[in-house]
Number of protein chains: 2
Amino acid sequence: MERVSIKTIAEQLGISVTAVSLVLNGKERGETSGRVGKEMAEKIRQAAREMNYEPNNLARGLKMGRSETIGLVIADISNLFFANLAFHIQEHAEKFGYGVIITNTNESDLKMEKMTKILERRQVDGFIIVPTEYGEPYVRNLTRRNIPVVLIDRYYPKLNVSAVVIDNYKASREITNNLVESGCRHIGLIIYKSALHHMKERKNGYVDELKDHGLFNPSLIKEVSYSYLSEDIDIAIESLLMKDETIDGIFFATNTLSLMGLKRMLHADPQALSKIKVASFDKSDAFDFMHVTIPYIQQPIPEMGKSAVELLMKQIKTDDKEAVTIKLQAQLEYNKV
Amino acid sequence: MERVSIKTIAEQLGISVTAVSLVLNGKERGETSGRVGKEMAEKIRQAAREMNYEPNNLARGLKMGRSETIGLVIADISNLFFANLAFHIQEHAEKFGYGVIITNTNESDLKMEKMTKILERRQVDGFIIVPTEYGEPYVRNLTRRNIPVVLIDRYYPKLNVSAVVIDNYKASREITNNLVESGCRHIGLIIYKSALHHMKERKNGYVDELKDHGLFNPSLIKEVSYSYLSEDIDIAIESLLMKDETIDGIFFATNTLSLMGLKRMLHADPQALSKIKVASFDKSDAFDFMHVTIPYIQQPIPEMGKSAVELLMKQIKTDDKEAVTIKLQAQLEYNKV
DNA sequence: ATAAAACAATAAAACGTTTTATCAATATTT
DNA sequence: AAATATTGATAAAACGTTTTATTGTTTTAT
């Protein structure tokens with residue numbers, strides 16, 4: 001009922017709140033000031049235990065000027081990739097005694113602005129953000145005021161802000177090369193139509209690799225829009241399957257794309273996978289049920305979360321303003337067939 | 001740099017903080033006290049806008065005794081079912097001006113205790129909890145102190161606390177009946193070995209429905225443990241496939257179980273699905289790639305989230321201590337084949 | 001003209017912490 | 001015995017709000 005505060009304990013014991021605060025923060029042995037005797041300290045600790053005292057983090061945050069809370073702005077928590085990322089960020093933040101407030105943007109720039117504002121009001125000590133396509137101004141707005149920010153999964157190349165990403169270009173080349181090595185000669189790409197740099201890198205990796213093998217054909221690139229995903233994918237798949245030179249490979253740039261694309265492919269032609277080899281960024285549960293090998297890029301999600309938290313913590317604890325970009329390597333893996 | 005507070009604005013305009021606070025909270029037209037003139041009010045609003053003032057929610061929360069924050073304790077955010085639930089809870093809480101702090105328990109009772117403590121320190125106004133198997137004492141610890149709590153997805157039947165659940169028993173009977181109606185006579189069940197009430201209900205639904213048809217056979221129930229999931233499922237599937245009376249149906253009690261179970265089944269026998277009909281609680285992405293019809297129970301996730309938030313809000317705003325259990329109905333659906 | 005009512009604005013206390021400066025008492029050194 | 005150090009404890013300010021009680025000032029009613 002009546003919340004027990006430091007004051008409650010002080011009154012109970014007939015001493016000052018200072019003493020209680022000092023002891024409960026392990027600062028009772030100050031050099032020059034703020035000392036509490038051994039027996040008194042023990043009495044305080046015991047009282048706190050008995051009364052089930054839990055510190056009020058609002059008050060502490062107000063006083064200390066930090067909330068020990070991270071604001072996490074995610075594009076879509078119901079996408080497994082991001083949900084996993086959120087999970088690891090949280091697990092790691094906890095080790096620093098930090099809590100995490102998660103918010104969604106649904107890839108909307110407007111919501112991104114709104115969410116950063118809401119989190120600021122809650123006095124988060126820093127942000128980890130999966131930024132939206134045109135959210136750059138809102139990120140800049142934060143960094144300009146020296147608020148700690150780490151971007152994750154994606155970043156704005158022109159913006160000087162810390163980020164944790166993977167080498168999308170390299171991974172994309174690698175997996176495209178894998179298709180080529182397996183004998184594919186006409187390889188389609190299904191990718192989001194987006195200004196986001198990581199999407200461009202995935203596209204460039206595919207393009208450059210195919211050019212190196214003299215296999216590049218711009219008409220095999222299908223860009224789909226996030227807003228009309230289902231329709232666009234249907235169109236893309238159909239037009240790829242109708243090509244004159246029958247295509248023998250498709251590279252999907254995300255797991256959502258591969259999931260939806262595979263559905264459509266197999267719906268149009270149950271035998272499609274025996275003629276067309278598929279590769280993808282990120283794994284999907286469906287792969288394990290395909291009877292062919294599907295290479296995919298496995299991103300190091302736990303490390304990404306860990307790095308992001310650590311990068312942010314460094315910014316928070318020191319006021320080292322230098323922007324650091326951590327580029328992690330992704331793995332090429334295969335489903336079990 | 002220097003955070004702008006209500007005081008900054010007051011000084012800027014050479015007036016009192018009271019005036020600023022009143023205006024910014026729309027309380028400038030008090031009946032008997034706390035008035036601010038029209039022109040002054042406008043000046044304040046403009047200054048606030050120009051200076052990009054954002055209120056400090058820590059200070060406000062401290063003063064008001066509420067943080068406008070919900071503590072969400074989830075069993076596993078990287079499970080799509082819970083991720084979706086979290087998403088909807090958040091979307092809905094936002095409409096009330098509430099933020100959500102999400103934490104994970106990984107089904108561990110210890111972590112559940114820890115997480116509720118952490119959230120309490122952060123002064124959340126209430127909890128929405130997916131409780132763990134033996135987490136009952138920690139929930140009771142909260143309700144005993146009149147802290148608003150809503151359980152979701154699962155609940156403790158003996159504990160008098162608000163909850164949002166689906167009618168697991170009914171759904172389970174329904175889907176079992178569906179298998180029977182399609183001609184299955186030897187139907188296995190793969191379910192978690194757990195004391196959680198909703199699991200028992202799922203089991204009971206299956207048992208009672210089969211008994212009604214004179215088809216019940218206890219040796220077809222396989223209980224797997226959360227900690228050794230992969231191994232236990234392999235064993236369960238194998239032993240079901242080896243049965244004397246060849247089984248012709250399997251009911252998986254969760255989407256994780258069906259996903260892993262299907263993998264194992266198809267690995268053991270690629271044609272398994274032509275002999276054994278499968279049904280499941282919750283949908284999995286894999287279903288769309290099976291070439292047979294798979295009935296599954298679709299839980300109304302958005303409504304669950306909405307109801308939980310609304311129930312919690314009522315507890316927070318009024319101090320209506322009465323526990324309410326909302327039992328939603330789940331739908332029987334089919335994959336597109 | 002005066003009393004009453006309405007209006008505008010503010011001072012100050014409070015929420016629960018942390019921390020600095022200060023004080024008093026005891027112990028240690030000269 | 002006096003001077004100095006050490007120890008134990010506290011008062012008070014501050015963090016940024018909200019809100020109540022109070023004080024002036026103007027307008028309206030008598």
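In what follows, chains carry the letters A, B, and so on, assigned in the order in which the sequence lines appear, proteins first and then strands, with residues in each chain numbered from 1.
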5'-most contact on DNA chain C (nearest-nucleotide basis), B:Ala59 vs B:Lys38, goes to B:Lys38
Within the structure shown, what part of the strands sits under 4.0 Å from A:Asn25 by heavy-atom distance: base, sugar-phosphate, or nothing?
sugar-phosphate
Which is the 5'-most and which the 3'-most nucleotide of DNA chain C that has an atom under 4.0 Å from a heavy atom of chain A?
C:dG16 to C:dT22
Atom pair distance, as rounded to whole Å: CD in B:Glu31 and P in D:dT20:
14 Å
Using a strict threshold of under 4.0 Å (side-chain N to carboxylate O), is an ion pair present between A:Glu303 and A:Lys306?
no
5′-ward residue of the pair A:Arg35/A:Gly14 relative to DNA chain D:
A:Arg35
At 4.0 Å (heavy atoms only), tell me whether B:Leu22 reaches a base, stays on the sugar-phosphate, or touches nothing.
base
Could you check how far NZ of A:Lys27 sits from P of D:dT7, rounded to whole Å?
20 Å
Identified side chain to side chain contact (heavy atoms under 4.5 Å, CB included) partner of B:Met304 from the options B:Val165, B:Leu85, B:Ile326:
B:Leu85
Salt-bridged, A:Glu136 to A:Arg154, with N to O below 4.0 Å?
no
What does A:Arg29 touch in the nucleic acid at a heavy-atom separation under 4.0 angstrom: a base, only the sugar-phosphate, or nothing?
sugar-phosphate
So what does B:Ser5 hit on the nucleic acid, given a heavy-atom distance under 4.0 Å: a base, only sugar-phosphate, or nothing?
sugar-phosphate
Using a heavy-atom cut-off of 4.0 Å across all strands, would you classify B:Gly34 as base, sugar-phosphate, or nothing?
base
Counting only heavy atoms from other residues, nucleotides and ligands, does the tally under 6.0 Å from CG of B:Leu328 exceed 12?
yes
Counting only heavy atoms from other residues, nucleotides and ligands, does the tally under 6.0 Å from NZ of B:Lys327 exceed 12?
yes
Does D:dG8 have a Watson-Crick or wobble mate here (both distances under 3.5 Å), and if so which one?
C:dC23
Candidate pair A:Arg121 and B:Glu68, rule side chain to side chain contact (heavy atoms under 4.5 Å, CB included), full reasoning
CA-CA 12 Å; A:Arg121 291 182 177 192; B:Glu68 311 216 301; over 6 Å; no
